[in-house]
Amino acid sequence: MPELPEVEVVRAGLEPAAVGAVITGVSVFDERALTRHVPGASDFVARLEGRSFTATSRRGKFLWLPLDDGDSALIAHLGMSGQMLLRAPDATAERHERVRIGIEHPVHGELAIVFADQRTFGSLAVDALVADGPSRVPTQVRHIARDPLDAAFDDRAFRAALSRRRSAIKRVLLDQSLISGIGNIYADESLWAARIHPETSADALSTRAVHRLLAEVRLVLTRALAEGGTSFDAQYVNVNGQAGYFARHLHAYGRAGQPCERCGGPIRREPFMNRSSFFCPRCQRVKPAAD
DNA sequence: CCCCCTGCCTGCGGGC
DNA sequence: TGCCCGCAGGCAGGGG
């Protein structure tokens with residue numbers, strides 16, 4: 001599923017092909033892929049054709065490519081099953097192809113950026129860039145917090161925010177307005193690594209436990225990125241259609257009933273926010289470990 | 001502000 | 001074999 005590492009793999013894959021490329025044509029096959037672009041398909045197309053991409057950027061699970069008008073960007077959110085694929089300009093349609101953006105790159109020549117999405121939770125848009133401190137972000141990204149791999153992420157402010165929250169720590173990790181880029185998989189993996197029960201009240205975590213958790217979040221995300229992300233099925237692939245390899249390194253997520261690799265006890269699966277939490281009830285206690 | 005809930009979608013696999 | 005249903009889950013928006 002596309003969380004921070006997967007979106008970053010896609011961003012990095014688009015970068016060499018997209019930056020400096022001119023948009024030669026845009027085809028919208030399914031308007032549901034433009035739910036984030038309120039003015040509709042014809043406006044979307046008009047704002048892209050003839051423009052060039054000047055960069056690629058990402059915050060949390062949002063990625064965007066600024067345009068050469070200097071004031072707008074193509075933004076993409078992959079939802080659960082969105083894919084951004086680089087294809088030959090005449091490549092046959094993908095199974096769930098929603099949008100195709102033809103580009104001409106000064107070095108790589110003609111290419112197509114294909115947005116395919118089985119469950120249509122993802123979408124594209126052209127959005128205005130607005131100031132956000134020293135940087136500029138699309139308006140739709142303004143409310144998204146910096147992610148834990150961002151140098152400007154404020155650990156102290158995060159800890160202070162946790163101390164004011166009584167929600168379960170896992171729920172807080174999934175709140176993109178507080179810390180972005182973490183989804184169900186990496187929340188479970190980080191909590192397992194930090195030995196924190198997902199239902200622990202955020203305000204019950206010691207300063208030490210918060211630091212441990214942040215360190216594990218960063219380790220998990222960094223390792224997953226190095227492995228090209230987590231792929232369970234065909235839903236997550238990079239821009240060349242290849243799966244990532246981090247699934248083989250998961251310690252908790254998807255391992256219900258299998259032995260915890262730390263203590264040997266069985267990993268438990270529990271319903272959580274209309275999905276599941278995977279954790280080790282023996283080494284992840286509701287009370288944070290006193291260390 | 002904080003918290004909680006719902007709607008948005010499709011494909012797959014298990015159960016009968 | 002074929003049907004039904006549960007499940008996967010990020011995010012926006014609205015109500016309390």
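Letters A, B, ... are given to chains in the order of the sequence lines, protein chains preceding strands, and every chain is numbered from 1. Quick caveat, the model's predicted, so the values are computed rather than measured.
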Next on the checklist: Quick one, Ile113(A) with Phe53(A), criterion side chain to side chain contact (heavy atoms under 4.5 Å, CB included). Give me CA distance, side-chain angles, the key distance, then yes/no.
Outcome noted: CA-CA 12 Å; Ile113(A) 298 173; Phe53(A) 295 120; 4.0 Å; yes
Item to check | Carboxylate-amine/guanidinium contact Arg248(A) Glu227(A), below 4.0 Å | outcome: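 Between Glu227(A) and Arg248(A) there is no salt bridge, as every charged N stays at least 4.0 Å from the carboxylate O atoms.
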Next on the checklist: If the threshold is 4.0 Å, N to carboxylate O, is there a salt bridge linking Asp43(A) and Arg47(A)?
Outcome noted: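 A salt bridge links Asp43(A) with Arg47(A).
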Using whole Å, what does the distance between atom [atom2] of nucleotide [N] and atom [atom1] of [X] come to?
X: Leu178(A); N: dC11(C); atom1: CG; atom2: C1'; value: 16 Å
X: Ile179(A); N: dC11(C); atom1: CD1; atom2: P; value: 13 Å
X: Arg95(A); N: dC9(B); atom1: CZ; atom2: P; value: 18 Å
X: Asp117(A); N: dA8(C); atom1: CG; atom2: C1'; value: 13 Å
X: Gln140(A); N: dG10(C); atom1: CD; atom2: C1'; value: 14 Å
X: Leu174(A); N: dC11(C); atom1: CG; atom2: C1'; value: 11 Å
X: Leu124(A); N: dG10(C); atom1: CG; atom2: C1'; value: 16 Å

Would you say [X] reaches [N]'s phosphate, i.e. side-chain N/O to OP1/OP2 under 4.0 Å?
X: His143(A); N: dA12(C); result: yes
X: Ser81(A); N: dA8(C); result: no
X: His96(A); N: dT10(B); result: no

Next on the checklist: Walk along nucleotides 1-7 of chain B from 5' to 3' and tag each nucleotide B, S or - by protein heavy-atom contact under 4.0 Å, base first, then sugar-phosphate.
Outcome noted: -SSS-B-
Checklist entry - Taking only Watson-Crick and G-U wobble pairs with both distances under 3.5 Å, what dot-bracket line describes DNA chain C, where [ ] shows pairs that cross earlier ones and | shows pairs with another strand? => result .|||||||||||||||
Item to check | Set of residues satisfying side chain to side chain donor-acceptor pair (under 3.5 Å) with respect to Asp30(A), sequence neighbours excluded | outcome: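 With neighbours one apart ignored, the set is Arg32(A), Arg98(A).
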Next on the checklist: I want to verify a distance call: between dG10(C), dC11(C), dA8(C), whose nearest atom is closest to the Gln176(A) side chain?
Outcome noted: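 Looking only at side-chain atoms, Gln176(A) lies closest to dC11(C).
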Checklist entry - Do we see Phe121(A) stacking on the base of dC11(C), given a limit of 5.5 Å between centres and 30° between planes? => result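 It does not: the two rings, one from Phe121(A) and one from dC11(C), miss the stacking criterion.
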Checklist entry - So do the side chains of Leu63(A) and Ile75(A) get within less than 4.5 Å of each other, counting heavy atoms only? => result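 No. Closest side-chain heavy atoms not under 4.5 Å.
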Item to check | Interatomic distance, Phe278(A) atom CZ to Arg255(A) atom CZ [nearest 0.5 angstrom] | outcome: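 One finds 11.0 Å between CZ of Phe278(A) and CZ of Arg255(A).
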